[in-house]
Amino acid sequence: MEKFVIKGGCRLLGEVTISGAKNAAVAIIPAVILAEEPCVLENVPNINDVFVITHILHEMGADVKILNKSTLAINSSNIAAKEVSYEMTRHIRASYYLMGALLGRFGKACVSLPGGCDFGVRPIDQHIKGFEALGAKVSLEHGMVSIEADELVGGQVFFDVVSVGATMNIMLAAVKARGMTVIENAAREPHIVDLANFLNSMGADVMGAGTSVIKVRGVQKMHGASYSIIPDQIEAGTYMVAAAATGGNVLIKNVIPKHLEPISVRLRKMGVIVDEYDDAVRVFRKGGDVMTVNVKTMPHPGFPTDMQPQITMLLSVAQGTSIVTEGVWDNRFRYVDELRRMGAKIQVDGKVAVIEGVEELTAAPVRATDLRAGAAMMIAGLVAKGVTEIEDIYHIERGYEDMQGKLSCLGAEIKKINDFSKSALTAAL
Ligand code: EPZ
């Protein structure tokens, strides 16, 4: 069982470079299926979710070449529209994008329901609503979603809830449908815009991405393209919080400051300095404690839900009491028990956490309960007095490229150990 062992009490100092956006990459890679010609993708993050989704394409017959650490060449001209089994999809939530991509390419798809983070129910009813609006028939049997359309015809879909996944999936299915598709109440995240830009670079005609109304005019054919994925808004936000929490001073490079605004605004309210440059931000504190702020997570341009554990961790050592409300997921506070083990004073009631700031956290053996919670525990370990051990670090490695290396370059003392103690072995068996 691999663990991170983190020595607390360090101030992060120096520069860190942000990798490509996970939630853009896991949609853009399946989107390559729509073009029957080679595509080259740059600034691809080196993370397990990308390896998994790329492996699925390879298993389906795509030719995948790793040109360098962050560049992939994928040719899906020979891909077969075969079933995508649970064995392939169980480790990654984003496998649902194969539904839209295969439907858009072949007029049919058969994909197992996905796995992914466990923080409440993760339905796909809005995805299905969108596929049906394009004239597809959708059935669910034995955990497999089967989608079929004699012909995909542009339609109108109004999402009952803002959904990143459903917005992306319907864009994928609609780009080669006959006529115009209108998606209303669409998600507006930066990665939605990135997918739309990639699709348009392949010859699609997607308009309005980044607003709540997206129009897709179907095209006959899509061609190969070279495309560079945007920097990861959430990875950047995570390092911004880490710099603030440790009282450090960090230049965070390869970012789009506009994407970070929802995070920068809250950090500034907490007394943290965020200086913006063309493609970087510098984060530091001018002495004194972190001040409290109340936060509600919302779809973009609101405060991102994927930054909720990180900001809650920072507020746990702020001066005073604050409230964090989870506006997107039903149960995204599972990690609070782990923070409590380190001395945090947090009460959770459903989607609301009341946080009473403490002087300091103390090291304890904890675990990563999901991807972003794991990142929050890493920051807690940097801040806590003593040496913190974090288990289940595979969650972190799903979505953060070399977090141990990047933090170490900023002065953190982090080791990765294989703990084959009896307890670890028992847990692993
Ligand atoms: C994406 O998940 C991200 N994952 C999540 O990031 C992120 O938390 C989420 O968007 C919100 O920003 C990827 O992009 C791979 P949703 P997704 O559809 O698409 C409800 C991370 O840490 N809903 O926007 O699954 C749903 O239950 C991960 O990188 C329906 O009711 O999220 C939730 O309450 C964790 N029916 C809300 O909408 C549906 O058909 C938002 O979900 C779909 C969603």
Side-chain angles (χ1 to χ4, degrees), residues 19-31 45 47-50 52-53 89 91-100 113-133 138 140 145 157-172 183 185-195 212 229-230 232-238 259 262-263 297-311 325-332 334-335 350-351 368-376 395-401 403:
S19 303
K22 167 180 91 78
N23 291 346
V26 295
I28 286 172
I29 290 167
I47 56 176
N48 285 354
D49 271 13
V50 163
V52 171
I53 199 80
T89 67
H91 300 298
I92 178 165
R93 170 101 190 133
S95 52
Y96 50 43
Y97 293 133
L98 292 162
M99 298 176 190
L113 279 169
C117 284
D118 171 20
F119 30 79
V121 178
R122 298 189 74 172
I124 61 164
D125 59 302
Q126 300 300 303
H127 300 240
I128 292 170
K129 178 178 184 178
F131 294 140
E132 290 174 340
V138 185
L140 174 60
V145 180
V157 58
F158 182 93
F159 287 136
D160 306 318
V161 59
V162 175
S163 162
V164 166
T167 303
M168 301 259 222
N169 235 341
I170 304 319
M171 281 202 288
L172 291 167
I183 304 169
N185 201 22
R188 300 166 55 189
E189 274 68 7
H191 29 289
I192 301 274
V193 178
D194 210 28
L195 175 63
S212 54
I229 291 169
I230 56 169
D232 195 311
Q233 168 203 37
I234 304 302
E235 185 194 18
T238 302
H259 293 169
I263 302 160
T297 69
M298 297 295 283
H300 192 78
F303 187 82
T305 175
D306 294 346
M307 283 296 301
Q308 184 255 81
Q310 301 92 311
I311 205 79
T325 306
E326 173 54 50
V328 175
W329 296 105
D330 293 336
N331 173 20
R332 197 172 192 167
R334 285 177 58 225
Y335 64 93
K351 293 187 165 190
T369 54
D370 68 61
L371 164 59
R372 306 302 176 183
H395 285 296
I396 302 169
E397 295 173 330
R398 273 188 49 213
Y400 284 92
E401 181 176 324
M403 191 168 191

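The first residue of the sequence shown is numbered 1, and numbering continues consecutively from there. None of the values given here were measured: they were computed from a predicted structure. Read the numbers this way: they start at 1 and go in the same order the structure lists the ligands and their atoms.
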State whether the side chain of [X] and the backbone N or O of [Y] hold a donor-acceptor pair below 3.5 Å, judged by distance alone.
X	Y	value
Arg332	Thr305	yes
Asp49	Gly399	no
Glu326	Asn331	no
Glu189	Val164	no
Asp232	Lys22	yes

Within ligand 1, which atoms have a heavy atom of [X] less than 4.0 Å away?
X	answer
Lys22	21 (C), 29 (O)
Arg93	25 (O)
Ile124	39 (C), 40 (O)
Thr305	8 (O), 11 (C), 12 (O)
Gln126	36 (N), 39 (C), 40 (O)
Gly165	18 (O), 19 (O)

Is the closest N or O pair between Val26 and ligand 1 shorter than 3.5 Å?
no
- Query: Under 3.5 Å between some N or O of ligand 1 and some N or O of Ala94?
  - Reply: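 In this structure, Ala94 places no N or O atom under 3.5 Å from an N or O of ligand 1.
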Using a 4.0 Å heavy-atom cut-off, which part of [X] comes near ligand 1: side chain, backbone, both, or neither?
X	value
His127	both
Val162	backbone
Leu371	side chain
Tyr96	side chain
His191	neither
Arg372	side chain

inquiry  = Which option wins on minimum heavy-atom distance to atom 31 (O) of ligand 1: Pro123, Ala166, Gly399, Ala373?
reply    =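 Nearest option to atom 31 (O) of ligand 1, by heavy atoms: Pro123.
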Which of the listed options, Asp330, Ile192, Asp306, holds the heavy atom that is closest to atom 5 (C) of ligand 1?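 The nearest heavy atom belongs to Asp306.
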Query - Side-chain heavy atoms of Val162 within contact of Met298, under 4.5 Å - result: no
Do His395 and Thr369 have side chains that get closer than 4.5 Å, going by heavy atoms?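 Not touching, per the 4.5 Å side-chain cut-off.
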Rounded to the nearest 0.5 Å, how far apart are [atom1] of [X] and [atom2] of [Y]?
X	Y	atom1	atom2	result
Ile234	Met307	CD1	CE	6.5 Å
Gln233	Asp194	CD	CG	11.5 Å
Tyr335	Arg372	OH	CZ	13.5 Å
Phe131	Ile124	CZ	CD1	7.5 Å

Can a non-hydrogen atom of Arg332 be found less than 4.0 Å from any atom of ligand 1? yes
